[in-house]
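Since the structure comes first, as structure tokens, the remarks are kept for the end.
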Amino acid sequence: MSDLAGKHIVLGLSGGVACYKAAEFCRGLIKAGATVQVVMTEAAEHFITPVTMQALSGRPVYSSQWDAREGNNMPHINLSREADAIVIAPASADFMAKLLHGRADDLLSLLCLARPIERVPLILSPAMNREMYAHPATQRNLAQLRADGAVVLGVGAGEQACGETGDGRMLEPDELLQELIAHFQPKRLAGRHVLITAGPTYEAIDPVRGITNRSSGKMGFALARAAREAGAQVTLVAGPVALPTPRGVQRVDVASALDMQRAVQASADAVDVFIAAAAVADWRPASAAERKIKKDGSGDVPALAFVENPDILAGVAASPRAQQGALFCVGFAAESHDLLAHAQAKRERKGVPLLVGNIGPDTFGQDHNALLLVDASGSTELPRADKLSLARALVTEIARRLPR
Ligand code: CTP
């Protein structure tokens, strides 16, 4: 992945135990293609050495405003103007209090103050003890920093290095990376609410058995991430899959097609876009046994009767809001052959403006895929790529088709 190719990040560390996470975050930035200039406060150097950060970033660390390595002796000007973003991770309570007042008595606070405010975003990842985080002074400072144009990220909850439990932990390196990558994505879905189904469904036969399919949920989850990166509010209704929830996405876990339908119906009236990426089981056992079905030793197999599941997508697409164009519906089709013809027929049958075709065996469980978009005016191919790239391209195609 080279999501940050061409981006130059100033990574600032202020003092806190979470400095150890900044080391891994720095590695993640480099892996994602960014160049990284680390700047540390004196307090940060008590927690992690500049040697580590230099080794990981591949550049000498700056920590003094008097650093004479810069020809003009103005590291605060040079470093802040080169940056595509300044990320402070960890941002300590003290450091943020300082920023709030425009104080600039060390290199990191100085370059934050000196940054061209319209062009270089300042992203703060707070990290502190839960009492410090909850303190009215800190909360007041966070609100004011936001009002002054900084992006203040959330914090994690849970066990803290001090032994207490609560809000205030710094985000994990991967969460921070997702936030930064999202920051640079165009906000094509700002102000929109997107509902997505993903994964398989599980239709119970009895309390220990059921039927399902091989959908991994990866495409639906990638779409949820891409829609959120594009600025949308995202609700993800997920069948049973073992995937982490993309940051900032509201996830509703379901098992059966009927559960999925209920969850979708609970949100459908409030959303602008519905993307049905789930591989919903077409049939379910007519009745699930309350107790485990036992072998009786006779060699007879149980007779299973099936009933058809409701078509969730077709139901939403037939709703008045979808018919009036206020709710844009997107369907998926997993086919084994004659993709274009089947996708066209399915688009008509489901009554959706856009249908995304793919070859089932080529996508289930895979990290890559290729998509064929079919709408009223014809078809477009999104060539083979990783699912997140395809999801971003699909989000762009959807955004282009939405009413303004
Ligand atoms: N879908 C749905 N509810 C169902 C079945 C399918 O919402 N009960 C949605 C899927 O999420 C997908 C689209 O409909 O967006 C196509 O699903 P698919 O299973 O490929 O189509 P079917 O209508 O089942 O057609 P067929 O089995 O003939 O391929």
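Nothing fancy with the numbering, it's 1 onward along the sequence. Whatever order the structure lists ligands and atoms in, that order sets their numbers, starting from 1.
- Shortest contact from atom 15 (O) of ligand 1 to any protein heavy atom: Ala276 O, 2.6 Å.
- Numbered from 1 in the order shown, with element, the atoms of ligand 1 that lie under 4.0 Å from a heavy atom of Asp282 read 24 (O), 27 (O).
- Atom 28 (O) of ligand 1 has its closest protein heavy atom at Arg349 NH2, 4.0 Å.
- Here the side chain of His368 pairs no donor or acceptor atom with the backbone of Lys387 at under 3.5 angstrom.
- Among Asp259, Val254, Ile196, Asp253, the single residue meeting the side-chain contact (heavy atoms from CB on, under 4.5 Å) criterion with Val237 is Val254.
- Closest to atom 12 (C) of ligand 1, if we only count protein heavy atoms, is Phe332 O, 3.0 Å.
- Each of the atoms 15 (O) of ligand 1 lies under 4.0 Å from some heavy atom of Gly331.
- Heavy-atom proximity to Lys350, at under 4.0 Å, picks out these atoms of ligand 1: 1 (N), 6 (C), 9 (C), 13 (C), 14 (O), 16 (C), 17 (O), 21 (O), 22 (P), 23 (O).
- Backbone and side-chain nitrogen or oxygen atoms of Lys346 are examined, and one is located within less than 3.5 angstrom of a nitrogen or oxygen of ligand 1.
- Not counting sequence neighbours, the partners of His8 by the side-chain hydrogen bond (donor to acceptor under 3.5 Å, both in side chains) test are Thr35.
- The backbone N or O of Thr52 sits less than 3.5 Å from a side-chain atom of Thr49, completing a donor-acceptor pair.
- Sorted by first then second residue, the side chain to side chain donor-acceptor pair (under 3.5 Å) pairs that include residues 267-289, not counting sequence neighbours, are Arg284-Asn309.
- Judged by distance alone, with hydrogens and angles left aside, the side-chain atoms of Thr138 form no donor-acceptor pair with the main-chain N or O of Ala134 at under 3.5 Å.
- With Tyr62 contributing its side chain and Pro75 its backbone, the two residues share no donor-acceptor pair below 3.5 Å.
- Not a single N or O atom of Thr197, backbone or side chain, sits closer than 3.5 Å to an N or O atom of ligand 1.
- For ligand 1, the polar-atom distance check against Ile312 finds a nitrogen or oxygen pair separated by under 3.5 Å.
- The shortest N/O to N/O separation between Leu313 and ligand 1 falls below 3.5 Å.
- Panel note: side chain Arg130, backbone Asp167; no donor-acceptor pair is recorded below 3.5 Å.
- Contacts between Pro310 and ligand 1 below 4.0 angstrom, taking non-hydrogen atoms only, involve the backbone exclusively.
- Any N or O atom pair closer than 3.5 Å counts here, and Ala279 shares no such pair with ligand 1.
- Remark: ligand 1 and Val280 share no N or O pair separated by less than 3.5 Å (distance only, no angle test).
- Listed by number with element, the atoms of ligand 1 under 4.0 angstrom from any heavy atom of Ala278 are 10 (C), 11 (O).
- One side chain, Asp148 or Gln144, offers a donor N or O that lies under 3.5 Å from an acceptor on the other.
- With a 4.0 Å heavy-atom cut-off, ligand 1 is reached by no atom of His342.
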Under the criterion side-chain hydrogen bond (donor to acceptor under 3.5 Å, both in side chains), I'd like the reasoning laid out for Glu164 against Asn129: C-alpha separation, chi angles, the key distance, then a yes or no. CA-CA 8 Å; Glu164 298 180 2; Asn129 164 269; 3.0 Å; yes
